[in-house]
Amino acid sequence: MALMTFAERPEPAIDAAERPMLEGWLEYHRETLVAKCAGLTDAQLREASVPPSALTLLGLVQHLAEVERFWFREILAGEALPDLYSTEEDPDADFKVSEATTWAETEAVWRAETAARESAAAFGLDDFSKGLGSSGKPFNLRWIYTHMIEEYARHNGHADLVRERVDGATGV
């Protein structure tokens with residue numbers, strides 16, 4: 001799949017109802033992350049931001065694949081799934097990459113997890129998740145969408161800085 005550029009990224013509607021607005025902003029931020037990775041080699045995508053940080057663009061994509069899985073499949077749909085990258089011994093392993101980590105593999109996993117959000121279609125914004133959070137309480141879909149937008153927005157800010165460090169590119 002070709003990488004989306006900023007010009008091709010879907011702009012959220014300015015007059016949509018609540019659900020399409022939330023879904024539009026989430027999709028916008030998802031594709032912003034992909035656009036931040038566009039045109040880079042695997043080696044560049046594995047390049048860390050600034051020492052001592054080991055943060056990379058591929059690590060951010062891995063992390064967000066894990067976050068998608070957690071909120072839409074484990075919490076919302078109530079599926080019992082293992083983590084993609086993290087372990088009890090290394091809860092931050094989703095951010096870590098090796099020389100073998102590639103864009104093709106990482107994007108495929110991320111795309112599969114973002115496609116799993118289709119399970120949200122069966123829920124209304126006020127419907128509660130089948131799974132429970134660490135508090136022992138469910139979340140409504142509105143909260144999950146809002147949290148996911150916040151999660152992507154925060155990490156897209158990180159991606160901005162990493163991308164500028166890697167090749168000097170800046171932008172939306």
Side-chain angles (χ1 to χ4, degrees), residues 1-14 16 19-76 81 83-86 90-120 141 143-172:
M1 175 177 278
L3 295 177
M4 181 173 291
T5 66
F6 288 116
E8 299 166 322
R9 175 181 57 172
E11 287 286 328
I14 60 171
R19 185 175 186 137
M21 182 73 69
L22 291 169
E23 291 172 346
W25 275 106
L26 181 53
E27 192 59 30
Y28 175 84
H29 281 293
R30 285 176 175 140
E31 294 305 329
T32 295
L33 178 66
V34 172
K36 285 292 174 188
C37 297
L40 297 177
T41 66
D42 286 343
Q44 288 173 309
L45 290 166
R46 288 190 298 265
E47 191 174 320
S49 57
V50 177
S53 175
L55 189 64
T56 67
L57 289 166
L58 278 178
L60 286 169
V61 176
Q62 286 182 164
H63 170 70
L64 286 160
E66 192 132 84
V67 169
E68 292 269 358
R69 172 180 275 224
F70 178 76
W71 284 106
F72 286 106
R73 296 182 66 193
E74 294 180 49
I75 297 295
L76 183 64
L81 299 169
D83 287 337
L84 291 167
Y85 305 100
S86 300
D90 190 358
D92 292 326
D94 52 338
F95 284 106
K96 297 177 181 172
V97 298
S98 72
E99 289 297 314
T101 307
T102 66
W103 171 255
E105 179 183 300
T106 304
E107 182 197 23
V109 170
W110 178 80
R111 292 267 180 211
E113 293 305 327
T114 60
R117 73 184 179 275
E118 294 167 2
S119 63
L141 180 58
W143 190 97
I144 292 171
Y145 276 146
T146 303
H147 174 67
M148 291 299 295
I149 292 165
E150 173 273 328
E151 183 85 12
Y152 272 93
R154 178 167 23 107
H155 290 308
N156 280 338
H158 298 135
D160 284 340
L161 296 172
V162 175
R163 178 66 191 248
E164 185 175 6
R165 166 67 179 86
V166 168
D167 72 347
T170 59
V172 180

Plane angle bin for Tyr145 and Phe72 - parallel if under 30°, tilted between 30 and 60°, otherwise perpendicular: tilted
Examine distances only and state if a side-chain atom of Gln62 and a backbone atom of Lys96 form a donor-acceptor pair shorter than 3.5 Å. yes
Side-chain (Arg163) to main-chain (Ala38) donor-acceptor, under 3.5 angstrom: yes
Side chain to side chain contact (heavy atoms under 4.5 Å, CB included) evaluation trace for Asp94 with Asp83: CA-CA 9 Å; Asp94 52 338; Asp83 287 337; over 6 Å; no
Residues passing the salt bridge (Lys or Arg N to Asp or Glu O under 4.0 Å) test with Glu23, sequence neighbours excluded, are Arg19
Does Arg117 reach the main-chain N or O of Thr114 with its side chain, forming a donor-acceptor pair under 3.5 Å? yes
Can you find a heavy atom in the side chain of Met148 that is under 4.5 Å from one in the side chain of Val67? yes
Parallel, tilted or perpendicular: ring planes of His155 versus His63, cut at 30 and 60 degrees: perpendicular
Mind checking whether Val166 and Val162 have side chains closer than 4.5 Å, heavy atoms only? yes
Taking the six-membered ring for Trp, are the ring centroids of Trp110 and Trp103 within less than 6.0 Å of each other? no
Glu68-Tyr152 side chain donor-acceptor pair, cut-off 3.5 Å: yes
Would you say the side-chain atoms of Gln44 pair up with the backbone N or O of Thr41, donor to acceptor, closer than 3.5 Å? yes
Indicate yes or no: does Arg30 engage Glu151 in a salt bridge with an N to O separation below 4.0 Å. no
Any side-chain heavy atom of Lys36 within less than 4.5 Å of one from Leu60? no
